[in-house]
Amino acid sequence: MSPDAHADATALPPFWPARQHTALHDELHARPPLLVRPGSIVSCWVNWRMDPAGAERALTALCEAQGQPAPAPGSRHHVLVTPGWTLKFERHGEFLSWQMCQELPDAGQVPDTARLASLWREASACAALPESFTRALYAENEAGALLSAAHVLLLPADDSTVSRCRHLLERPEDDREHPPLIGSHIADGGATLFTRLELGRDGFVRYVLLDHGLPPDQGARAVQRVAEMEAYRMLAMLGFPVAQKEAGELAALEAQLQGIVDAMSNEDQHDDASALEALTRLAAEVEHSASRTRYRFSATRAYHAIVEDRVNGLREQRIPGLRTLSGFLGRRFQPAMALCDSTDRRLTDIAERINRALSLSRVRVEMTREASNQALFKALVHRQRLQLQLQQTVEGLSVVAISYYTLSLVGYLAKAAKTLPWLEPYHLQPEVVVGVAVVPVVAAVAWFVHRIRMHHAVD
């Protein structure tokens, strides 16, 4: 196929839209491992709670001093390549990571025992960094101290190097206590890893990675896995002191909750209003504790999963007489992670228990309030009945009183009519007239009072 035909085959159709979110695609190829050859030292460290802007300014000054391109503003990763060493910077969610690779003077040669001992004690790529860079990096970031730091020696090895290295590390020159040696064959036997996971005088943990013929990219990936395992191991451990502190506070909260629930179950001692107030206060404390620790525990779980993935990626094979890295972490690191998980679950569990107790307390308070309302309604009904009876009594008395005064008026009228000349022939007696008028007057007054009461009842 001609070049023109190939160009036509790959040409885009007219009005083809531009590709969106190319940064998301490029993220798959971002942050490749440094090219590390046997006979190199890789120093890696992590700064936690460091101001990224200050770190970027220090890195920019270092790049300019080395005559290399500076990182773009806000860049999340950058690689500085110089003739003697390579520095990789990465910005993560809550930390900054650095990796520095430097070839040793005798790169490519299998070191003898004396050289092994010297490299184990002194090898560090950080020594090549200018002092101006470290001062600029940490002068503005006092809170961004080292959280994790490690030196990884990648050395060529022959058949005797493994035994010599093991003999050297199992017999330290000084007499102080040392952690046990950890070692295993990794990458399906293509390399051997040794470490003590102890801090040196410079605050770095040292690893020795003996290369038995790994491809260059596989050796670089092995170094990257070790560096990331060390970094994320320490990041995951940030949740451990939080879990220890919260565990003690949760024990006190659980004791308070148990006392409130026990009091609620005792009919002679419980006070629903006081229980509701105490449970509300406990719920607020637990919610505050959860909001304070939820991010840390979630991050711990994520970092723990990354550590397990990196350790599994090493594909360790046991060396007789030595503990593997995964076995050591399983005994020392996993319990700390289990405490973080259990503390997080306890927070969730006590929050659910408090919610159930709150629901029960609200029901009991509502029942008590309903019983009080029922008693109040009964008292109101009884009072209304008494008022009705009193009203009926008053109405009866009012009929009698009104009838009495009406009949008095009738008597006065009868006495006055007796003196009228045209009524004298009838000999009217006032007493008789009053007596005859009693029934109709009382009936009329009773009917009138009843009408008035019915009228007000309708209104």
Side-chain angles (χ1 to χ4, degrees), residues 48-51 92-95 142-145 147 232-308 332-381:
W48 184 53
R49 290 181 174 175
M50 174 175 279
D51 179 21
H92 301 264
E94 63 171 343
F95 65 95
E142 296 180 359
L147 175 67
Y232 287 111
R233 177 178 69 90
M234 290 303 301
L235 287 164
M237 287 297 294
L238 288 174
F240 182 63
V242 177
Q244 287 181 314
K245 179 181 177 181
E246 293 297 326
E249 295 180 0
L250 282 178
L253 291 177
E254 288 173 338
Q256 294 180 41
L257 176 60
Q258 188 62 44
I260 295 172
V261 173
D262 291 342
M264 290 174 62
S265 63
N266 191 335
E267 295 295 336
D268 297 332
Q269 298 180 2
H270 83 277
D271 183 354
D272 293 327
S274 299
L276 182 60
E277 181 181 358
L279 288 171
T280 304
R281 177 179 52 79
L282 281 183
E285 292 181 9
V286 171
E287 185 62 28
H288 176 66
S289 178
S291 63
R292 185 177 61 246
T293 61
R294 190 68 68 191
Y295 172 78
R296 187 75 270 151
F297 288 151
S298 298
T300 294
R301 283 193 297 270
Y303 295 143
H304 180 206
I306 295 176
V307 172
E308 289 187 330
R332 304 293 177 86
F333 176 67
Q334 295 293 348
M337 299 298 98
L339 176 62
C340 296
D341 288 339
S342 66
T343 303
D344 195 17
R345 288 195 299 268
R346 284 177 66 189
L347 270 173
T348 303
D349 176 69
I350 192 173
E352 293 177 352
R353 290 170 57 192
I354 290 175
N355 286 334
R356 290 195 297 267
L358 271 173
S359 298
L360 177 60
S361 180
R362 290 192 188 99
V363 170
R364 295 174 65 132
V365 168
E366 290 297 329
M367 292 176 61
T368 304
R369 185 178 301 168
E370 187 68 23
S372 299
N373 292 339
Q374 291 291 337
L376 179 60
F377 290 152
K378 290 180 179 179
L380 289 176
V381 170

Interatomic spacing from CD1 in I354 to CD in E285 - rounded to 0.5 Å: 8.5 Å
Student check: side-chain heavy atoms of L257 and L279 closer than 4.5 Å: yes
Close side-chain approach of L238 and Y303, heavy atoms under 4.5 Å: no
Side-chain touch T300/L235, heavy atoms, less than 4.5 angstrom: no
Separation between CD of Q244 and SG of C340, rounded to the nearest 0.5 Å: 8.5 Å
Separation of L282 CG from L358 CG (nearest 0.5 Å): 8.5 Å
Exam field: side chain N355 to backbone A351, donor-acceptor pair closer than 3.5 Å: yes
Distance (rounded to the nearest 0.5 Å) between R233 CZ and M337 CE: 10.0 Å
Shortest non-hydrogen contact between R362 and L276, atoms and distance: CG-CD1, 3.9 Å
Residue pair R281 / Q256, side-chain heavy-atom distance below 4.5 Å: yes
Residue pair R345, D349: steps toward the side chain to side chain contact (heavy atoms under 4.5 Å, CB included) verdict: CA-CA 6 Å; R345 288 195 299 268; D349 176 69; 6.0 Å; no
Criterion side chain to side chain contact (heavy atoms under 4.5 Å, CB included) on R296 and E94, from CA distance to verdict: CA-CA 11 Å; R296 187 75 270 151; E94 63 171 343; 2.7 Å; yes
Polar contact flag, side-chain donor to acceptor under 3.5 angstrom, R346-T343: no
Value rounded to 0.5 Å, distance of CZ in R301 from CG in D344: 4.5 Å
Side-chain donor-acceptor pair present, E249, S289, cut-off under 3.5 Å: no
Aromatic plane relationship, F333 with H304 - under 30° parallel, 30 to 60° tilted, over 60° perpendicular: perpendicular
Straight-line distance of F297 CZ to R292 CZ, nearest 0.5 Å: 9.5 Å
